[in-house]
Amino acid sequence: MQTKEKIAAAVKSAVEAAMNDGALKFSDTLPDVALEVPPKKEFGDFATNFAMQTAKIFRTSPKKIAEEIKARISSDIIERIEIAGAGFMNFYLRGDVIYRELKKIFDAGKNFGHLPNKGNVTIQVEYVSANPTGLLHVGHGRGAAAGSAIVNIMRAAGYNVESEYYINDAGNQMDKLTKSVNARYLELLGEKIDFPEDGYQGVDIIDTTKRIIARHGDKFITLPEDERLKILGELAYVDKMLELKDDLENFGVEFDVWFSERTLHPDKINAAIEILKSNGGIYEKDGALWLASSQFGDDKDRVVVRENGEPTYLAADIAYHKNKFDRGFGELINLWGADHHGYVARVKAAMKMLGYNPEKLKIIFLQMVSLFRGGEAVKMSKRAGTAIPLRELMAEVGTDAARYFFLMRSTDSQLDFDLDLAKSQSADNPVYYVQYAHARICSIFRQTSEAGLTIDDEPKFSLMNSTAEVDLINKIFEYPDEIAKAAEEYAPQRIARYVYDLASTFSAFYRDCRILGVEKDLAIARLALLKVTRHTIEHALNLLGVSAPERM
RNA sequence: GCGGUUGUAGCUCAGCAGGAUAGAGCAACUGCCUCCUAAGCAGUAGGUCGCGCGUUCGAAUCGCGCCAAUCGCACCA
């Protein structure tokens, strides 16, 4: 049991004792005993506002409640309790508690940071899901970083997670890709063409076409238009998918499942539509089929099948989400660009009408990314003629900096990405700062190892009682809680922030506490603490998908 | 007009299941390398938490209204 839980349990039984004695009376349900690490050290190691929260329930002053609890509490880890402020209970732990706790973490080794399994349900996280019609841009990069970090964090927190990429490989966008590549193909082979008005203008389309020509030459030029379109479309699709997977791999992003939209056409889409038709969720009007989404919170009804018989994107999305629910996930998490928020109501309405619980579908929005260089916004890529491709960003600032910067901010804040800062190799740059702390620890290990200093199984942790040492120990204790919260809130920025704070706490330790040149038992205890610290930094950086270099 | 998100130090942002004197980094100023990486550390200064009203013993945090920024409101995705 964690220290926190032990204290909470002790408080709870004290409350029960007080009620049995008649000192406290109530007729309502009591809240949980929430323990927090107080903002100031003089407020103890842990604190709870339980007495203040229950003042109304017990119809007594918070101070009296706190006194009654304090009088009845019994715990072998609490040294003393002080009642402060408006009724806070501040707990001061017995001196040896943190060393026993540290020993547990030390013994856990690489398992520290991996929380107990949360049961058998699997949670699906779907993210990126960009159309295979162009290069991933920095907005997708933010989604890729956030999605992969959330998956990593949730797994560390003990959830079973499956990641998925939905490939929009059907419909208009693919037609546009096909027409664009066809035009470039003819153009590159010397034909005079009119580039399609709604085609993709980016150079990446020309690059794709060049690769196709390099492989297959001009042999499609003589084919009838429809046959050529069919072949070029497929070749372009394959090329675009390779390009996309390549970028993601270089960005440290992997998926368990690649789900093709084509597999939904037409049977699964029709099946979903039939169900909705039969239960009144879909009706016909003006030659089109409409989803009656306004009955379930949407602004208006939406077209599912166009007048011309083509299903809309929404039709595929309904079938897709139905399929997800049918696969039995305990929870579905989608990461969407903020510009898609208008879709939530209609998709949830459809799920409700299909008999699923829309509450199980959680949608996380990623706000926009703006790049800045020299204080100026950078909007377009000079080479690509489009939004800045992720690969250009990676080439400029590196994967580690790109990922860390994407993850520093909460997903629902717009992100100003300072390219100059991300590139700078200085303490101003948070990712370097954290990595530097890790490299420094590794350096210490190299030198202590040369000096013949080795850690044994029973380091004398209690020798470490200075502020810098105790601060670092306590900071490490916070890690499992941070993982749990980051997972619950889908908030990778918590980990980014935590590891930065940890690096900062370590830096103070580094200043005050030498290893080489101090008495051997103390040196070994400190070294053991650094082992735990190094592991924690590395573990947290891994969750973020950022490397932990041993030298810098 | 309707809806989402955001508004906290000069700048970029944490904090938001209500709680103790609102935090961090950058920028500014001041110190610190005979010492395991100065890619570092310590300190000073900097705030009507957009505005107003309300709920509460207590509001940056919850509710309502307003203002501003941004995204969206297709038989596009």
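Computed from a predicted structure; not experimentally measured. Reckoned from all heavy atoms, side chains included, excluding hydrogens, waters and symmetry mates. In what follows, every chain begins at residue 1, and chains take the letters A, B, ... in the order their sequences are listed.
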Check: Do the side-chain N or O atoms of A:Arg440 get closer than 4.0 angstrom to the phosphate oxygens (OP1, OP2) of B:rA38?
Finding: yes
Notebook entry, point to check: Can you tell me how far C1' of B:rG18 sits from CG of A:Asp32, to the nearest Å?
Noted result: 17 Å
Next item on the list: Let me have RNA chain B in dot-bracket notation, would you? Count Watson-Crick plus G-U wobble pairs, both distances under 3.5 Å, and use [ ] for pairs crossing earlier ones and | for inter-strand partners.
Entry: (((((((..((((.....[...)))).(((((.......))))).....(((((..]....))))))))))))....
Check: When you measure from the side chain of A:Lys300, which nucleotide among B:rA14, B:rC73, B:rC35 comes out closest?
Finding: B:rC73
Notebook entry, point to check: Is the distance from OP1 or OP2 of B:rC41 to the nearest side-chain N or O of A:Tyr433 less than 4.0 Å?
Noted result: yes
Next item on the list: By nearest nucleotide on RNA chain B, pick out whichever of A:Val303 and A:Glu550 is the more 5' one.
Entry: A:Glu550
Notebook entry, point to check: Excluding sequence neighbours, so at least two apart, what forms side-chain contact (heavy atoms from CB on, under 4.5 Å) with A:Asp416?
Noted result: A:Ser370, A:Phe372
Margin query: What is the distance, to the nearest angstrom, from the CG atom on A:Asp512 to the C1' atom on B:rC41?
Written below: 9 Å
Next item on the list: Choose from B:rA24, B:rA77, B:rA20 the nucleotide whose nearest atom is closest to any side-chain atom of A:Asn90.
Entry: B:rA20
Next item on the list: Check whether any side-chain nitrogen or oxygen of A:Ser443 sits under 4.0 Å from OP1 or OP2 of B:rC36, and answer yes or no.
Entry: no
Checklist line | Side-chain donor/acceptor of A:Asp400 to backbone N/O of A:Ser547, under 3.5 Å | finding: yes
Note to self: Using the side-chain heavy atoms of A:Arg409, tell me which of these nucleotides is nearest: B:rA77, B:rU70, B:rU12.
What the structure shows: B:rU12
Checklist line | Donor on one side chain, acceptor on other, A:Thr208 and A:Lys240, under 3.5 Å | finding: yes
Check: Can a salt bridge be assigned to the pair A:Arg80 and A:Glu82 using a cut-off of 4.0 Å between side-chain N and carboxylate O?
Finding: yes
Check: Within less than 4.0 Å of OP1 or OP2 of B:rA42, is there a side-chain N or O belonging to A:Arg511?
Finding: yes
Checklist line | Among B:rC36, B:rA39, B:rC71, the nucleotide that comes nearest once only the side chain of A:Leu516 is considered | finding: B:rC36
Check: Would a line drawn from the ring center of A:Phe43 to the ring center of A:Phe88 be shorter than 6.0 Å?
Finding: no
Next item on the list: Can you tell me, in whole Å, how much space there is between the P of B:rU6 and that of B:rC16?
Entry: 13 Å
Check: Within the structure shown, what part of the strands sits under 4.0 Å from A:Ala55 by heavy-atom distance: base, sugar-phosphate, or nothing?
Finding: nothing
Notebook entry, point to check: What is the distance from CZ of A:Phe405 to P of B:rG25, rounded to the nearest Å?
Noted result: 15 Å
Next item on the list: Starting from P on B:rG4, measure out to OH on A:Tyr343 and report it in whole angstrom.
Entry: 18 Å
Check: With a 4.0 Å cut-off, would you call A:Asp298 and A:Lys348 a salt bridge?
Finding: no
Notebook entry, point to check: Ignoring hydrogens and angles, does a donor from either the side chain of A:His340 or the base of B:rG72 sit under 3.5 Å from an acceptor on the other?
Noted result: no
Check: Is A:Phe43 stacked on the base of B:rA20, meaning ring centres closer than 5.5 Å and planes within 30 degrees of each other?
Finding: yes
Checklist line | Ring center gap for A:Tyr165 and A:Tyr127 short of 6.0 angstrom | finding: no
Item checked: Value in whole Å for how far the C1' atom of B:rG58 lies from CE of A:Met52 -> 8 Å
Notebook entry, point to check: For A:Asp298 and B:rC2, what is the distance between atoms CG and P respectively, to the nearest whole Å?
Noted result: 17 Å
Checklist line | Interatomic distance where CZ belongs to A:Arg302 and P belongs to B:rC75 [whole Å] | finding: 8 Å
Notebook entry, point to check: Where does B:rC49 fall, syn or anti, if syn means a chi angle no more than 90° from 0?
Noted result: anti
Notebook entry, point to check: Between A:Asn308 and A:Gln367, which is nearer to the 5' end of RNA chain B once each is assigned its nearest nucleotide?
Noted result: A:Gln367
Note to self: Let's test your reading of the model: under 3.5 Å, does the base of B:rA24 pair with the side chain of A:Tyr500 as donor and acceptor?
What the structure shows: no
Item checked: side-chain contact (heavy atoms from CB on, under 4.5 Å) against A:Glu307, all qualifying residues, sequence neighbours excluded -> none
Note to self: Using a distance-only criterion (donor-acceptor N/O pair, under 3.5 Å, no hydrogens), is the base of B:rA39 paired with the side chain of A:Asn429?
What the structure shows: no
Checklist line | Nearest atoms (heavy-atom pairs only) where A:Ala525 meets A:Met464 | finding: O-CE, 3.6 Å
Margin query: Quick check on B:rC13: is either OP1 or OP2 less than 4.0 Å from any side-chain nitrogen or oxygen of A:Ser410?
Written below: no
